[in-house]
Number of protein chains: 2
Amino acid sequence: MPKLDLAFAALADPTRRRIVARLARGRTRVTDLALPFEMSLNAVSKHIKVLERSGIVKRERLGREHYLQLHGSPLREVVQWVSRYERFWNEKLDSLEEFLANQPDEEQSS
Amino acid sequence: MPKLDLAFAALADPTRRRIVARLARGRTRVTDLALPFEMSLNAVSKHIKVLERSGIVKRERLGREHYLQLHGSPLREVVQWVSRYERFWNEKLDSLEEFLANQPDEEQSS
DNA sequence: GACATATTCAACCATTTAGTTGAATATAAA
DNA sequence: TTTATATTCAACTAAATGGTTGAATATGTC
């Protein structure tokens with residue numbers, strides 16, 4: 001699967017985004033990382049593997065402990081891809097878009 | 001499903017990213033949008049619905065034709081979320097990260 | 001060696017996803 | 001009103017996903 005697919009898919013899960021947020025605060029062992037999650041260690045282990053496959057997380061084995069660390073470059077590519085469309089949220093391209101932008105926008109309330 | 005989940009998941013598919021790229025060049029009818037894709041019109045119609053559910057695409061019905069248009073705000077939120085971790089690709093946080101960043105990085109070659 | 005800890009592997013399950021084909025609906029044109 | 005066009009809906013399928021439990025592996029400690 002292409003790199004960008006893996007990165008977007010990895011970030012589509014809230015548990016994995018929490019893992020990213022946690023790792024941004026520093027290197028962490030698998031068990032410690034899993035602690036705050038209301039799911040089995042195995043489930044967290046799978047999420048970590050998804051993040052690893054995308055390149056967002058790197059693993060370093062020290063004895064029986066595995067330390068995980070954030071690796072930014074796939075995140076940079078995600079931002080680079082999406083940023084190409086920045087003008088769609090900065091500019092009013094035509095009157096229709098302006099009209100839509102000023103609507104209550106009910107789909108986005110949740 | 002939370003908004004951000006839907007936006008990331010929508011962008012995880014290469015067909016849908018092509019649709020976004022196409023819509024960035026202007027409003028398009030469903031049939032015209034589907035033309036370049038090597039899959040059924042129905043499949044493209046489903047992809048459009050995924051993008052719509054995420055708020056990235058808006059639909060405007062004109063008679064029997066449905067015109068599709070890019071809507072930037074979910075993209076902005078994606079960028080905002082990922083950008084929190086910008087320092088992970090701009091800075092060398094410690095010697096280990098620097099070491100990893102300078103490796104051949106084989107996972108990312110595909 | 002025996003036990004405990006850290007982590008993954010394997011098998012299973014329910015749900016979602018991405019595609020298909022065929023039928024239905026709505027609008028336009030003849 | 002008949003026919004063609006634009007699009008979705010419904011049903012199906014195969015594969016992927018996110019979770020579980022139980023067993024395996026590897027390492028550290030007594």
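Quick note on labels: first sequence line is chain A, next is B, and so on, each numbered from 1.
Rounded to whole angstrom, the span from the CG atom of Leu68(B) across to the P atom of dA6(D) amounts to 14 Å. In this structure, NZ of Lys49(B) is placed 14 Å from P of dG19(C), rounded to the nearest angstrom. For Leu41(B) and dT20(C), the CG to P distance is 10 Å, given to the nearest whole Å. Here dG19(D) presents its C1' atom at 15 Å from CZ of Phe37(A), a figure rounded to the nearest Å. If you take CG of Leu51(A) and C1' of dG18(D), they are 13 Å apart, rounded to a whole angstrom. The distance between atom CG of Asp5(A) and atom C1' of dA16(D), rounded to the nearest whole Å, is 14 Å. Rounded to an integer number of Å, the gap from Glu38(B) CD to dG19(C) C1' is 13 Å. Across the protein-nucleic acid pair, Glu52(B) atom CD and dT8(D) atom P stand 8 Å apart, rounded to whole Å.
When all heavy atoms of Val82(A) and Phe8(A) are compared, the pair lying nearest together is CG2-CZ, 3.7 Å.
Close to dT20(D), at under 4.0 Å from its OP1 or OP2, lies a side-chain N or O of Ser40(A). Contact annotation: His66(A) does not reach the phosphate of dA6(C) (side-chain N/O to OP1 or OP2, under 4.0 Å). Between Ser45(B) and dT8(D) there is a side-chain polar atom (N or O) within less than 4.0 angstrom of OP1 or OP2.
A donor-acceptor pair is defined here as one N or O able to donate and one able to accept, closer than 3.5 Å; no such pair exists between the side chain of Ser73(B) and the backbone of His71(B). In this structure a side-chain-to-backbone donor-acceptor pair under 3.5 Å is present from Arg87(B) to Ala24(A).
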Polar atom pairs (N or O), protein with nucleotides 16-18 of chain C, under 3.5 Å:
unit_1: dA18(C); atom_1: OP1; unit_2: Arg16(B); atom_2: NH2; d: 3.1
unit_1: dA18(C); atom_1: OP2; unit_2: Arg16(B); atom_2: NH1; d: 3.0

Under-3.5 Å N/O pairs linking protein and nucleotides 23-28 of chain D:
unit_1: dT27(D); atom_1: O3'; unit_2: Arg64(A); atom_2: N; d: 3.4

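Every residue meeting the ring-ring contact (aromatic ring centres under 6.0 Å, His included) condition with Tyr85(B), not counting sequence neighbours, appears here in chain and number order: Trp81(B). Remark: Arg16(A) pairs with Ala10(A), Asp13(A), His47(A), Val50(A), Leu51(A) by the side chain to side chain contact (heavy atoms under 4.5 Å, CB included) rule, at least two apart or across chains. For Arg59(B), the salt bridge (Lys or Arg N to Asp or Glu O under 4.0 Å) criterion is met by Glu52(B), not counting sequence neighbours.
Between Val44(B) and Ile19(B), the closest side-chain pair of non-hydrogen atoms falls below 4.5 Å.
Atom CG in Leu23(A) sits 10.5 Å away from atom CD1 in Ile56(A) (nearest 0.5 Å).
Comparing Val30(B) and Ala12(A) along DNA chain D, the residue whose closest nucleotide (by nearest heavy atom) sits nearer the 5' end is Val30(B).
Counting Ile, Leu, Val, Met, Phe, Trp and Tyr side chains that sit under 4.5 Å apart, directly or through other members, Tyr67(A) shares a hydrophobic cluster with Leu62(A).
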